[in-house]
Structure formats: structure tokens, C-alpha cells
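Given the structure is predicted, the values throughout are model-derived calculations rather than measurements. Side-chain atoms are counted along with the backbone in the values below, which use heavy atoms only and exclude waters and symmetry mates.
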Amino acid sequence: MASHSVTRKVDDGMSQGTFMENMSMATFAEKFCAKHAQPPEKYEEIVLRHSLYPAARLLQPGLVLKANYFAADHAFIRRVGRLTRLGGFEAEVQDFLYDPNNRGFLRRELKLRVSARRLGRMVRDAFSESQI
């Protein structure tokens with residue numbers, strides 16, 4: 001009796017093309033958490049801290065005492081976290097700038113809020129790294 005060796009390709013459902021597609025379809029939040037080795041539930045807190053203007057970072061402990069002070073910032077960060085490509089970022093910035101919760105002297109003039117430019121740099125970094 002002859003023994004035949006049969007080699008079968010094991011399909012784990014992730015061909016190289018599929019793997020690359022899944023990497024490119026990852027959200028900003030997923031890319032950010034993977035890059036910084038953070039659990040997904042910490043995404044908003046960490047991104048908020050890193051994207052606040054310096055004065056807002058210093059005054060954040062007192063500002064959180066005002067109910068919903070950072071509501072517009074959290075909503076912005078959540079929406080940006082769902083992006084799967086850089087192209088949608090500018091639309092999110094416009095929504096943030098015109099959000100009714102983003103009005104007032106403290107937020108507009110003193111810039112005690114998220115910096116769209118800082119957040120934009122983080123988003124561009126995350127999406128450009130995945131293109132390499």
C-alpha cells in the first residue's frame with residue numbers, strides 16, 4: 001500500500017489581500033488604541049487629553065465640574081473615532097465647529113476645548129502609517 005502525502009492549504013479566512021483590506025478598514029479609534037496599546041474603552045479619555053489646547057488641559061479638572069462642558073468634544077472624538085479614512089475628517093471638523101455646545105467665551109475665545117488641528121495630526125498619523 002502506497003502512502004501519499006497530501007498538503008492542504010488551511011484557509012483561516014484571512015488571505016493576504018483580505019488582511020490588508022481589514023487593516024485599511026480599521027477605524028481611527030482601533031488604529032489609535034493599537035498604536036498606543038490602550039483598551040478601546042480608554043480611547044475617548046486619552047484622545048481628549050492629548051487633543052485639548054494647553055490651557056484646557058490645565059483647567060480640565062475644574063471644567064469637568066460644569067455639567068456637560070466637554071459634550072461637544074466627546075461627540076467630536078467619538079465621530080472621528082468611527083472614521084475609516086482620512087477623507088471624512090474635515091466634515092467632522094465643520095460639525096464640531098458649528099455644534100451648539102461649542103459656543104461661548106470659554107470655548108471660542110479662551111480655547112478651553114479640543115484642538116481640531118491637534119486631533120487632525122493624530123488622525124493623519126494613524127492613517128498614513130497604515131498606508132506604508
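- Nearest approach of N101 to D99, heavy atoms of both residues: N-OD1, 2.7 Å.
- Within the structure, ring-ring contact (aromatic ring centres under 6.0 Å, His included) contacts touching residues 63-84 (residues at least two apart or in different chains) are F76-F96.
- Taking each heavy atom of C33 and P40 in turn, the nearest pair found is SG-CA, 3.8 Å.
- Pairs passing the salt bridge (charged side-chain N to carboxylate O under 4.0 Å, His left out) check and including a residue from residues 50-75, sequence neighbours excluded, read D73-R107.
- Listed by first and then second residue, the salt bridge (charged side-chain N to carboxylate O under 4.0 Å, His left out) pairs involving residues 42-56 are K42-E45, E44-R78, E45-R49 (not counting sequence neighbours).
- Considering OG1 of T27 and CZ of R85, their distance stands at 14.0 Å, rounded to 0.5 Å.
- Residues V80 and L119 are in side-chain contact: their nearest non-hydrogen atoms beyond the backbone lie under 4.5 Å apart.
- When all heavy atoms of F28 and V123 are compared, the pair lying nearest together is CE1-CA, 3.7 Å.
- L58 and Y53 sit in two unconnected hydrophobic clusters of ILVMFWY residues. Membership requires side-chain heavy atoms under 4.5 Å apart, directly or through other members.
- Under the 4.5 Å side-chain heavy-atom criterion for grouping Ile, Leu, Val, Met, Phe, Trp and Tyr, L65 is not connected to L52 through any hydrophobic cluster.
- Separating the CZ atom in R103 from the CZ atom in R113 is a distance of 12.5 Å, to the nearest 0.5 Å.
- In this structure, Y43 contributes its side chain and I77 its backbone to a donor-acceptor pair below 3.5 Å.
- In this structure, L110 CG and L59 CG are separated by 9.0 Å, a value rounded to the nearest 0.5 Å.
- By the 4.5 Å heavy-atom criterion applied to side chains, L48 and Q60 are counted as neighbours.
- Counting heavy atoms from C-beta outward, R118 and M122 have side chains that stay 4.5 Å or more apart.
- How far CG of D95 is from CZ of R79: 5.0 Å, rounded to the nearest 0.5 Å.
- Side-chain N or O atoms of R108 include one that pairs as donor or acceptor with a backbone N or O of N102 at under 3.5 Å.
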